[in-house]
Amino acid sequence: MIPQFKPAWWMTNRHVQTIMPRFFRPFHNTSYELEQLDTPDGDFIELAWSLPHNETAPLAIVLHGLEGNINSFYAKGMMKALKKQGYAVVLMHFRNCSTEVNRLPRAYHSGDTADLAFFINHLKQQYPNRPMVAVGFSLGGNVLAKYLGEQAKACPLSAAAVVSAPYDLSSSSDVIRKSLGKIYQKYLLDRMKKSMQRKLPQIKQQISITTDQLMNIDDLLEFDNQLTAPLHGFENAHDYYRQASAMPYLKHIAVPTLIIHAKDDPMLSIKAVPSRQDVSEHVTLRISEKGGHVGFIAGKNPFKPIFWLEKTVPNYFGQYVLNKVNNEQL
């Protein structure tokens, strides 16, 4: 049974739930080892492994959000929680979010499931007898949800969890561009432009854009029109949003999947909130009134916040993985 989220009395505001969690954990760390995995197209994806001593431990994949990485507070927190529960945890960096610049003239986007499919198949070949689960946050959640729908019954995962995903990209982009006096848009764009700046030498044959032109982009839609769409084969931003949105794929999910979403998410449209008719029978919906964007902080004591996601997601996975593993070992 997955409990409903109840926000901390001192964190009922959606912007506080969204912004404050990163300040609770400025020194929160989990040990990890980096690995580069070559991809079939001649590039690589960077992995961050947090391994237990048990070589037969089930595997847990973590997918970060837009411009996230191993240092994202929510990723580190979830990795630590899953490792504590006995999983071998690996965070998959999307291309161009890794420590080194990727080789090819492309980056990543909200609907790019090819790398995830390749990586999961790679793990299945390497560790055929170890159960696998995956959790995705925000953009990584949209990628995971779309992958689950694409794979349907062929999906090799035992269970999945999707947190604060922008299932309807066009309307969610509109919200980000206006929310909180455009502060969220500026924060994301600054990170996206900095990240893309280091790739300008690779993309110059496909897109003619100077550093100054890149840095002058002040609108998310414009960024996706000028860079994300042409780099990844879309006609324009709206074509990208239409093709990459995970909402149409939710009905085809065939593995146990927990969807966590807050109606007051300040970075996503209300159109991105899935309803029962949008999802398959294998999906458990936990839609709360409050929680912000990848927030979900509970607890009565402001000095001891409870990270509800880090309790709920591992407990959900345990129903389908750890209980099964324990029974097989008896």
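What's counted below: heavy atoms across the whole structure, side chains too, no hydrogens, waters or symmetry copies.
Ser280 places a side-chain N or O within donor-acceptor distance of the main-chain N or O of Ile253, the cut-off being under 3.5 Å. Using a distance-only test at 3.5 Å, with no hydrogens or angles considered, no donor-acceptor pair links the side chain of Ser72 to the main chain of Gly68. Under the 3.5 Å distance criterion, the side-chain polar atoms of Ser245 are left unmatched by any main-chain donor or acceptor of Arg242. Tyr316 places a side-chain N or O within donor-acceptor distance of the main-chain N or O of Thr257, the cut-off being under 3.5 Å. For Arg286 (side chain) and Ile2 (main-chain N/O), a donor-acceptor pair under 3.5 Å exists by modelled atom type. In this structure, Asn102 contributes its side chain and Asn96 its backbone to a donor-acceptor pair below 3.5 Å. Of the possible polar contacts, one joining the Glu46 side chain to the Thr99 backbone as a donor-acceptor pair under 3.5 Å is found. Checked by atom type and distance alone, the side chain of Tyr167 never pairs as donor or acceptor with a backbone atom of Lys271 at under 3.5 Å. A distance-only check finds a donor-acceptor pair linking the side chain of Asp278 to the backbone of Ser275 [under 3.5 Å]. With hydrogens and angles disregarded, a donor-acceptor distance shorter than 3.5 Å links the side chain of His64 to the backbone of Phe94.
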Exercise. Would you please test Leu37 and Phe118 for side chain to side chain contact (heavy atoms under 4.5 Å, CB included) and show each step?
Key: CA-CA 10 Å; Leu37 178 64; Phe118 162 72; 3.6 Å; yes
Assess whether side-chain hydrogen bond (donor to acceptor under 3.5 Å, both in side chains) is satisfied between Asn13 and Gln17, documenting all intermediate values. CA-CA 6 Å; Asn13 181 276; Gln17 278 278 351; over 6 Å; no
The test is side chain to side chain contact (heavy atoms under 4.5 Å, CB included); show your working for Leu258 and Phe317 and say whether it passes.
CA-CA 9 Å; Leu258 175 63; Phe317 288 159; over 6 Å; no
Let me see the working for Arg103 and Asp38 under salt bridge (Lys or Arg N to Asp or Glu O under 4.0 Å), right down to the final yes or no. CA-CA 11 Å; Arg103 302 166 191 146; Asp38 290 332; 3.5 Å; yes
Using the rule given for side-chain hydrogen bond (donor to acceptor under 3.5 Å, both in side chains), can you reason through Tyr187 versus Glu67, listing the C-alpha separation, both sets of side-chain angles and the distance that settles it, and then say yes or no? CA-CA 10 Å; Tyr187 171 76; Glu67 290 303 307; over 6 Å; no
Step-by-step side chain to side chain contact (heavy atoms under 4.5 Å, CB included) determination, Val135 to Leu63 = CA-CA 6 Å; Val135 53; Leu63 302 175; over 6 Å; no
query = Is there a salt bridge (Lys or Arg N to Asp or Glu O under 4.0 Å) between Lys186 and Asp190 once you walk through the steps?
reply = CA-CA 6 Å; Lys186 184 180 187 313; Asp190 285 349; 2.7 Å; yes
query: Given Thr211 and Leu200, is the side chain to side chain contact (heavy atoms under 4.5 Å, CB included) satisfied, shown in steps?
result: CA-CA 8 Å; Thr211 299; Leu200 288 181; 3.4 Å; yes
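The side-chain heavy atoms of Leu309 and Val163, taken from C-beta on, include a pair separated by under 4.5 Å. Residues Thr18 and Val294 fail the side-chain proximity criterion, which asks for heavy atoms closer than 4.5 Å. With contacts defined as side-chain heavy-atom distances shorter than 4.5 Å, the pair Gln319/Pro256 does not qualify. For the pair Gln226/Glu222, a side-chain contact is recorded, criterion being any heavy-atom separation below 4.5 Å from C-beta on. Ile70 has its side chain within reach of Met79: a pair of non-hydrogen atoms, C-beta onward, lies under 4.5 Å apart. Val133 is not listed as a side-chain neighbour of Ile61, based on a closest heavy-atom distance of 4.5 Å or more. Side-chain contact check for Ile19 versus Leu180: some heavy-atom pair is nearer than 4.5 Å. Leu47 places none of its side-chain heavy atoms less than 4.5 Å from the side chain of Leu34.
No close placement of the Phe5 and His261 rings is indicated, their centers lying 6.0 Å or farther apart.
The environment of CD in Gln277 is crowded: more than 12 heavy-atom neighbours from other residues, nucleotides or ligands sit within 6.0 Å. Applying the 6.0 Å contact sphere to CD of Glu281 captures no more than 12 heavy atoms from other residues, nucleotides or ligands. More than 12 heavy atoms of other residues, nucleotides or ligands lie within 6.0 Å of CD in Gln213, so this atom counts as buried by the packing criterion.
Atom CG of Leu231 is separated from atom CG of Leu104 by 11.0 Å, given to the nearest 0.5 angstrom. Here the NE2 atom belonging to His238 is positioned 8.0 Å from the OG atom belonging to Ser173, to the nearest 0.5 angstrom. Distance OG/Ser110 to NE2/His232: 10.5 Å, rounded to 0.5 Å. Separation of atoms NZ (Lys76) and CG (Asn69) is listed at 9.0 Å; rounding is to 0.5 Å. For the atom pair Ser98 OG and Tyr108 OH, the distance stands at 10.5 Å (nearest 0.5 Å). Atoms OG and CD1, from Ser288 and Ile260 in turn, are 8.5 Å apart once rounded to the nearest 0.5 Å.
Both Met20 and Ile183 are members of a single hydrophobic cluster when ILVMFWY side chains are connected at heavy-atom separations under 4.5 Å. Using a 4.5 Å cut-off between side-chain heavy atoms of Ile, Leu, Val, Met, Phe, Trp and Tyr, with links allowed through other members, Leu268 and Val279 fall into different hydrophobic clusters. Hydrophobic clustering (side-chain heavy atoms under 4.5 Å, transitive across Ile, Leu, Val, Met, Phe, Trp, Tyr) groups Leu157 together with Leu59. Residues Phe23 and Phe307 are members of one and the same hydrophobic cluster, defined by side-chain heavy-atom contacts under 4.5 angstrom among Ile, Leu, Val, Met, Phe, Trp and Tyr. Side-chain heavy atoms closer than 4.5 Å link hydrophobic residues (I, L, V, M, F, W, Y) into clusters, and following such links, possibly through other members, connects Ile270 to Ile259.
With sequence neighbours excluded, no residue satisfies ring-ring contact (aromatic ring centres under 6.0 Å, His included) with Phe119. For Gln185, the side-chain contact (heavy atoms from CB on, under 4.5 Å) partners two or more places apart in sequence, or in a different chain, are Ile176, Arg177, Lys182, Leu189, Asp219, Leu220.
Through side-chain heavy atoms spaced under 4.5 Å, either directly or across other Ile, Leu, Val, Met, Phe, Trp or Tyr residues, Val101 is tied to no other residue. Tyr240 belongs to a hydrophobic cluster whose other members, connected by ILVMFWY side-chain contacts under 4.5 Å either directly or through intermediates, are Leu169, Leu221, Phe234, Tyr241.
Within the structure, salt bridge (Lys or Arg N to Asp or Glu O under 4.0 Å) contacts touching residues 191-216 (residues at least two apart or in different chains) do not occur. For residues 124-150, the side chain to side chain donor-acceptor pair (under 3.5 Å) pairs, not counting sequence neighbours, are Thr113-Glu150, Ser138-His293, Lys146-Glu150.
Contact check on Arg95 versus Asp112 returns no salt bridge, with no Lys/Arg side-chain nitrogen under 4.0 Å from an Asp/Glu carboxylate oxygen.
Using modelled atom types and a 3.5 Å distance limit, the side chains of Asp174 and Ser171 yield no donor-acceptor pair. Thr312 and Asn315 share no side-chain donor-acceptor pair at under 3.5 Å.
When every heavy atom of Ala107 is checked against every heavy atom of Met196, the shortest pair comes out as CB-CE, 4.1 Å.
Test Leu66, Leu188, Val175 against Met267 for side chain to side chain contact (heavy atoms under 4.5 Å, CB included) and you get one pass: Leu188.
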